[in-house]
Amino acid sequence: MDNKRPFALLFFNEQMQEFHRTWLKGILTIPNPYTGKILADEPAIAVLELQNEDSFFFWTFTKNNIPFVHWQELEQRFGTWLSNRYGSLEKAFDTWGMRESGDDLQAGRATLYEAWHMTSASVKQAGDSKKRRLSDQVRFLSELQRHFYEETIQYIRKDLGSKSLISPGNWHTSDPVMLDALERYTYTAGEVIDRHGYFSGPHNSDDGSHAYDVRVGHTFDNLSALLVPQEYSSSVYPDSGSSPDYL
């Protein structure tokens, strides 16, 4: 398998979720060798964050970033969700008034659109049938993402005993106007909504990697957000059409 990137898997793949819970248990319940205390009981831990910079609604939601077998797994779950919503997958297709070439009624699988299709630029070009289909897709994805957060928070509270505040995630969307409210809604499963803003002082490199990494040979100057509040406040992708280099 050429594609081994784990983007979005945590939200729906049970094996990945088991790995994640194992990591959480190791972090929160292994005693400190010096004090004997576990982090789940440590009052100095103000906030736990469940995952960093991933979402169904970011540019990474593409077939190039999610292995084919897992993309099909997610489409299978979409088909099941549609059957529960409409009574059958065929009724869902009839309600939309459309089918895509990848839809498989016999296998119970419904094609999912990549991130760009959920943006306003795409919706403006879409007919009524596709708009109805996209509406169901974003509802399915937002419910599934929030469900992962709810289940994981319950595990942390009941099984691991942590009382710290929990922040589900912290990411941007491919289109803030269309999708940001859905992203923030999924975070309401926890008590804290984190926001990542990016800015920096002078940072130089010969390989062009200075925008996202500090490597041997780089030079940089530290910069406090207190000195440039205007840069921090505007740092959350003002251009919804921008996308990072690794896509």
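Computation of the quantities below employed the complete heavy-atom set of this structure, encompassing side-chain atoms and omitting hydrogens, waters and symmetry-equivalent molecules.
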**OP:** First locate atom CG of Asp159, then atom CZ of Arg21, and finally report the distance between them rounded to the nearest 0.5 Å.
**Re:** 7.0 Å
**OP:** Indicate, with yes or no, if Ile193 and Tyr149 share a hydrophobic cluster defined by side-chain heavy-atom contacts under 4.5 Å among Ile, Leu, Val, Met, Phe, Trp and Tyr.
**Re:** yes
Original post:
Does any donor atom in the side chain of Tyr86 or Asp136 lie under 3.5 Å from an acceptor atom in the other side chain?
Top reply: yes
Original post:
Hey, are the side chains of Thr152 and Gln51 touching, using non-hydrogen atoms and a 4.5 Å cut-off?
Top reply: no
**OP:** Would you tell me whether Asp103 and Thr111 have side-chain atoms, one donor and one acceptor, within less than 3.5 Å of each other?
**Re:** yes
Original post:
Can you tell me how far the CZ atom of Arg77 sits from the CG atom of Leu112, to the nearest 0.5 Å?
Top reply: 11.5 Å
**OP:** Mind listing the closest non-hydrogen atom pair of Glu14 and Glu73 along with its distance?
**Re:** N-OE2, 4.5 Å
**OP:** Measure the acute angle between the ring planes of Phe93 and Trp96, then classify it against the limits of 30° and 60° as parallel, tilted or perpendicular.
**Re:** tilted
Subject >> Any side-chain heavy-atom pair of Leu223 and Val228 under 4.5 Å >> reply: yes
Original post:
Going through the checks in order, is the salt bridge (charged side-chain N to carboxylate O under 4.0 Å, His left out) test met by Asp128 and Arg132?
Top reply: CA-CA 6 Å; Asp128 290 341; Arg132 286 191 289 269; 5.1 Å; no
**OP:** Go through the side-chain N and O atoms of Glu114 and His117 and say whether any donor and acceptor fall under 3.5 Å apart.
**Re:** no
Subject >> Flag side-chain contact, heavy atom, 4.5 Å: Trp116 against Phe61 >> reply: no
Original post:
Going by the angle between their ring planes, with limits at 30° and 60°, are Phe56 and Phe11 parallel, tilted or perpendicular?
Top reply: tilted
Original post:
Is it true that a side-chain atom of Thr173 and a backbone atom of Phe57 form a donor plus acceptor pair closer than 3.5 Å?
Top reply: no
**OP:** Determine the minimum heavy-atom distance between Ser167 and Asp194, stating which atoms define it.
**Re:** OG-CB, 3.5 Å
Original post:
In terms of side-chain heavy atoms, does Asp175 have a donor or acceptor partner in Ser120 at a distance below 3.5 Å?
Top reply: yes
**OP:** Just do the side chain to side chain donor-acceptor pair (under 3.5 Å) check on Glu183 and Gln145 with the steps written out, would you?
**Re:** CA-CA 9 Å; Glu183 180 74 9; Gln145 186 167 300; 3.2 Å; yes
Original post:
Does some side-chain heavy atom of Pro6 sit less than 4.5 Å from a side-chain heavy atom of Met16?
Top reply: yes
**OP:** To the nearest 0.5 Å, tell me how far Asp221 CG sits from Asn204 CG.
**Re:** 8.5 Å
Subject >> Minimum heavy-atom distance Leu28-Ile38, with the two atoms named >> reply: O-CB, 3.4 Å
**OP:** Determine the minimum heavy-atom distance between Ser142 and Thr186, stating which atoms define it.
**Re:** O-CG2, 3.5 Å
Original post:
Quick check: does any side chain N or O of Glu100 sit under 3.5 Å from a backbone N or O of Gly102, one acting as donor and the other as acceptor?
Top reply: no
Original post:
When hydrophobic residues are tied together by side-chain contacts of less than 4.5 Å, even through go-betweens, does Tyr155 share a cluster with Leu165?
Top reply: no
**OP:** Would you check if Val47 and Ile166 make a side-chain contact, meaning some heavy-atom pair closer than 4.5 Å?
**Re:** no
**OP:** Show the numbers, then the answer: is there a side chain to side chain contact (heavy atoms under 4.5 Å, CB included) between Glu151 and His147?
**Re:** CA-CA 6 Å; Glu151 291 286 301; His147 179 71; 3.4 Å; yes
**OP:** Take Val138 and Met178, measure what side chain to side chain contact (heavy atoms under 4.5 Å, CB included) needs, and give me the verdict at the end.
**Re:** CA-CA 10 Å; Val138 297; Met178 291 289 291; over 6 Å; no
Original post:
Quick check: does any side chain N or O of Thr119 sit under 3.5 Å from a backbone N or O of Ala115, one acting as donor and the other as acceptor?
Top reply: no
Subject >> Minimum-distance pair of heavy atoms, taken over all atoms of Gly190 and Pro168 >> reply: N-CG, 3.7 Å
**OP:** Go through the steps for Glu143 and Arg139 under the test salt bridge (charged side-chain N to carboxylate O under 4.0 Å, His left out), then give the verdict.
**Re:** CA-CA 6 Å; Glu143 288 181 3; Arg139 179 174 178 176; 3.0 Å; yes
Subject >> Reported CZ-to-CZ distance for the pair Arg195 and Arg184, which is rounded to 0.5 angstrom >> reply: 8.5 Å
**OP:** Please identify each residue that fulfils salt bridge (charged side-chain N to carboxylate O under 4.0 Å, His left out) with Glu191, with sequence neighbours left out.
**Re:** Arg157
Original post:
So if you build clusters from Ile, Leu, Val, Met, Phe, Trp, Tyr with side-chain heavy-atom gaps below 4.5 Å, do Met98 and Leu82 land together?
Top reply: yes
Subject >> Heavy-atom closest pair, residues Ala189 and Arg146 >> reply: N-NH2, 3.6 Å
Original post:
Does the Glu75 side chain pair with the main chain of Arg109, one donor and one acceptor, at a distance under 3.5 Å?
Top reply: no
**OP:** Say whether Phe220 and Leu227 are linked into one hydrophobic cluster, either directly or through other cluster members, by side-chain heavy-atom distances under 4.5 angstrom.
**Re:** no
**OP:** Return yes if some donor-acceptor pair links the side-chain N/O of Asp54 with the main-chain N/O of Ala8 below 3.5 Å, else return no.
**Re:** yes
Original post:
For Val192, does its backbone N or O pair with a side-chain atom of Tyr187 as donor and acceptor, under 3.5 Å?
Top reply: no
Subject >> Same cluster (ILVMFWY, side-chain, under 4.5 Å), Phe19 and Leu74 >> reply: yes
Original post:
To the nearest 0.5 Å, how far apart are OG in Ser164 and CG in Leu160?
Top reply: 11.0 Å
Original post:
Are any non-hydrogen side-chain atoms of Phe148 and His20 less than 4.5 angstrom apart?
Top reply: yes
Original post:
Is there a side-chain contact between Leu144 and Phe12, using heavy atoms and a 4.5 Å cut-off?
Top reply: yes
**OP:** Would you confirm whether Ser135, through its side chain, and Lys131, through its main-chain N or O, come within 3.5 Å as a donor-acceptor pair?
**Re:** no
Subject >> Asn52 atom CG, neighbour heavy-atom count above 12 within 6.0 Å >> reply: yes
Subject >> Gap separating the OG1 atom of Thr60 from the CD1 atom of Ile66, nearest 0.5 angstrom >> reply: 7.5 Å
Original post:
Within a strict 4.5 Å, meaning less than it, do heavy atoms of the Ser162 and Leu48 side chains meet?
Top reply: yes
